[in-house]
Amino acid sequence: MYLERINEPGDIKKLEKEELLELAQEIREFLVTKISQGGGHLASNLGVVELTMALHLVLDLPGDKIIWDVGHQAYTHKLLTGRREGFDSLRKYGGMSGFPKRKESSCDVFDTGHSSTSISAGLGYVQARELLRESYRVVSVIGDGAMTGGMAFEALNNASRLKSNFIIILNDNEMSISENVGGLSAYLGNIRTNNTYTGLKTGITNTLNRIPVYGERMVEQIRKTKSSIKELFIPGMFFENMGITYLGPVDGHNIDLLVKNIQQASKVEGAVLLHVITKKGKGYLPAERHPARFHGAEPFEISTGIPSQKRVKANYTDVFSTVMRKMGDRDEKVVAVTAAMPDGTGLKRFRNMFPDRFFDVGIAEEHAVTFAAGLAAAGLTPVVAIYSSFLQRAYDQILHDVCIQNLHVVFAIDRAGLVGSDGETHQGIFDLSYLSSIPNMCVMAPKNKWELSDMMKFAVNYTGPIALRYPRGEAYDGLKEFRAPIKYGKSEVLYDETEIAILAVGSMVRTAQAVRRELRLRGYNCSLINVRFVKPIDEELLMTVQKEHRLVVTMEENVRSGGFGDHVLEYYNDIGSVVKILNIALPDDYIEHGNVEVLRKETGIDEESVLKQIITAYTGL
């Protein structure tokens with residue numbers, strides 16, 4: 001087992017050339033086995049095995065720096081830096097992260113999780129290296145999907161002025177999570193398949209090589225002068241025209257070729273982009289055939305690729321998907337916008353039914369929001385479906401382009417709250433705070449799947465900016481007997497008693513119901529209110545509640561600062577109320593990866609923890 005001989009950075013350099021192919025195979029088998037057991041990002045990691053190996057063969061880590069865009073493809077990097085044993089706890093609470101983490105290894109030089117950041121971060125390292133008169137190499141690895149993000153182009157524009165070496169590796173697998181869209185994708189496709197270039201290059205090379213003595217020298221001189229013949233003959237060299245040297249495209253599964261090109265790129269004085277062609281899911285047939293399905297895989301059977309545990313109940317994304325299709329049938333002005341995630345956000349059915357009214361803008365959340373603002377200003381009803389963690393990238397566009405103009409854009413915010421194994425960069429725990437701070441914005445959260453459907457219908461018929469946030473996972477189907485019509489800014493009273501009042505937001509209604517049941521068994525009277533609207537808050541209800549209860553408890557799956565509880569506390573302070581307030585919320589912190597139920601317990605928002613906090617607060621009155 002060659003993999004067992006890799007225990008620290010640089011050990012790969014001790015292997016013989018012929019042993020490297022065996023190591024690549026062992027790495028793939030290891031990743032498939034481990035991810036089949038505990039889940040994780042598979043397809044992206046299988047696609048960069050040889051590329052990662054080549055980087056580790058050329059570079060000297062941790063002195064040299066590799067910055068992975070997004071970072072979910074860094075599993076091989078972790079293996080080659082001596083973290084093989086950590087894969088038993090991959091993405092589990094207290095275990096190894098599925099992304100690069102500086103606190104985890106000196107070979108992880110930048111924490112990542114979102115797209116299009118690696119070139120900016122790498123450029124920062126390069127400039128710091130020059131100012132501090134150091135000499136390490138910097139490599140930023142970015143996918144062709146991430147390259148569609150505007151931030152990547154901003155960084156490329158800045159990098160073009162460099163006079164010292166900076167290597168950008170474009171990992172081109174023709175996919176992000178879903179199929180890539182847009183002009184850059186088409187441009188890269190033309191480079192991959194440019195027969196005019198490849199034929200001309202081959203013809204000129206062969207002709208020159210036939211010239212006795214001088215032919216080979218001429219070919220080599222051209223290579224030295226312009227890095228490769230490609231620079232001379234590809235028309236409209238996009239990267240070259242920006243002032244960035246372009247090398248490639250190179251077979252991303254040929255270790256020898258990759259090593260030579262990385263070495264060549266290291267000699268360039270300035271920014272150089274090495275275009276590498278890889279296959280997502282390489283080496284595992286189910287992942288090659290269905291790379292999107294194996295992007296973030298649940299545990300699966302290796303022989304078939306089929307998930308080990310079949311999902312029985314619909315999740316919230318499924319419910320949203322069904323409602324969107326029905327909305328599309330009923331109103332031809334309803335259009336859908338997503339940022340490279342039609343499958344993940346549940347818009348695939350809408351796209352299939354109404355292709356002319358579906359817009360995938362690529363990994364470009366900021367553009368998605370302002371684009372939707374334009375659609376709304378022109379008279380359409382855009383529904384922007386984006387994960388909570390990714391929507392925060394477009395905060396300025398929501399504020400400046402949508403809400404100032406009071407435009408009717410519907411924000412369908414998936415993965416709101418704790419999402420689990422992807423950790424800090426993906427937890428959707430800030431949206432209630434950042435959205436409710438914006439004037440003109442309306443913010444809702446459903447208690448169950450029935451209410452998600454009702455709220456979507458309400459949102460589409462609303463007249464201004466409106467956001468609907470819902471969690472990842474199985475859609476709660478309890479409390480279906482409570483389905484009062486949605487009224488703007490009004491909460492839903494589920495149980496009306498005295499002493500204690502629980503005001504719960506969205507996913508926390510389910511927990512609150514269980515807590516109330518236990519409180520009743522212990523002899524406490526307890527009202528339960530489904531908040532529904534985080535903005536505007538139901539001031540009329542809050543006024544009534546503080547008169548009839550001694551303790552008011554707010555519950556939300558959002559950070560405490562700026563959340564619903566803060567708004568309730570502010571309201572009661574403003575009116576001079578003396579009612580006791582207990583805010584149950586997530587800590588104002590970044591929450592690491594782990595099982596959602598474990599995280600809920602650790603952060604004090606599970607049933608048992610909430611019950612203890614309420615009893616302690618009430619008995620202390």
Side-chain angles (χ1 to χ4, degrees), residues 43 115 143-150 172-190 192-193 280 289-296 314-387 390-391 394 397 401-402 407-415 452-453 456-457 459-462 466 468 470:
S115 296
D144 52 320
M147 190 68 90
T148 65
D172 183 359
N173 56 30
E174 304 182 59
M175 286 194 72
S176 46
I177 296 175
S178 300
E179 183 179 354
N180 286 329
V181 296
L184 181 63
S185 178
Y187 174 79
L188 294 176
N190 289 337
R192 297 182 205 109
T193 59
K280 205 166 187 179
R289 290 176 173 172
H290 308 285
R293 204 173 82 203
F294 285 89
H295 170 73
N315 59 34
Y316 280 102
T317 306
D318 296 330
V319 176
F320 168 75
S321 176
T322 300
V323 175
M324 274 299 293
R325 186 194 61 76
K326 292 179 179 178
M327 287 293 176
D329 280 331
R330 295 171 188 171
D331 187 348
E332 63 182 13
K333 289 188 175 182
V334 171
V335 298
V337 181
T338 187
M341 299 196 70
D343 293 356
T345 58
L347 287 177
K348 185 176 180 179
R349 293 172 68 188
F350 188 94
R351 177 189 64 189
N352 293 340
M353 292 290 292
F354 314 103
D356 293 339
R357 290 152 55 192
F358 169 80
F359 304 97
D360 184 348
V361 302
I363 301 177
E365 291 84 2
E366 301 94 328
H367 164 59
V369 171
T370 302
F371 169 64
L375 292 170
L380 296 175
T381 304
V383 178
V384 181
I386 297 180
Y387 291 2
F390 301 152
L391 184 62
Q397 286 72 24
D401 298 328
V402 175
L407 293 170
H408 183 203
V409 177
V410 178
F411 294 96
I413 309 173
D414 203 335
R415 269 65 165 180
L452 171 57
S453 177
M456 272 301 301
K457 296 167 187 172
V460 166
N461 292 299
Y462 188 65
I466 187 165
L468 172 60
Y470 44 95

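Going from atom CG of D331 over to atom NZ of K326 covers 16.0 Å, rounded to the nearest 0.5 Å. From E366, atom CD reaches atom CG of D401 across 11.0 Å, with rounding to the nearest 0.5 Å. If you take CG on N352 and NZ on K348, they are separated by 6.5 Å, rounding to the nearest 0.5 Å. Annotation: the span from I466 atom CD1 to N461 atom CG amounts to 10.0 Å, rounded to 0.5 Å. Taken to the nearest 0.5 Å, the CG atom of L452 stands 10.0 Å off from the NZ atom of K457. Interatomic distance, M147 CE to D172 CG, rounded to the nearest 0.5 Å: 9.5 Å.
Remark: the backbone N or O of A376 is not paired with any side-chain donor or acceptor of H408 at under 3.5 angstrom. Between the side chain of T148 and the backbone N or O of D144, no donor-acceptor pair lies under 3.5 Å.
What you find for A373 and V402 is that their closest heavy atoms are CB-CG2, 3.9 Å. Scanning all heavy atoms of the two residues, the minimum distance from V409 to A372 falls at CG2-O, 3.9 Å. The two residues I386 and L391 make their nearest non-hydrogen contact at CG2-N, 3.6 Å. A pairwise comparison of heavy atoms in S115 and I363 identifies CB-CG2, 3.4 Å as the closest pair. Considering all non-hydrogen atoms of both residues, A43 and H295 come closest at CB-N, 4.4 Å. Between R357 and G328 the shortest heavy-atom distance is NH2-O, 2.9 Å.
Remark: of the listed residues M324, M353, R351, R351 is the sole one forming a side chain to side chain contact (heavy atoms under 4.5 Å, CB included) with F358.
Under the 30°/60° scheme for interplanar angles, the aromatic rings of F390 and Y387 are found to lie parallel.
Residues L468 and V410 fail the side-chain proximity criterion, which asks for heavy atoms closer than 4.5 Å. Between Y470 and D414, the closest side-chain pair of non-hydrogen atoms falls below 4.5 Å. Residues K280 and F294 are not in side-chain contact: their nearest non-hydrogen atoms beyond the backbone lie 4.5 Å or more apart.
With sequence neighbours left out, the side chain to side chain contact (heavy atoms under 4.5 Å, CB included) criterion links A385 to F320, T345, L347, A412.
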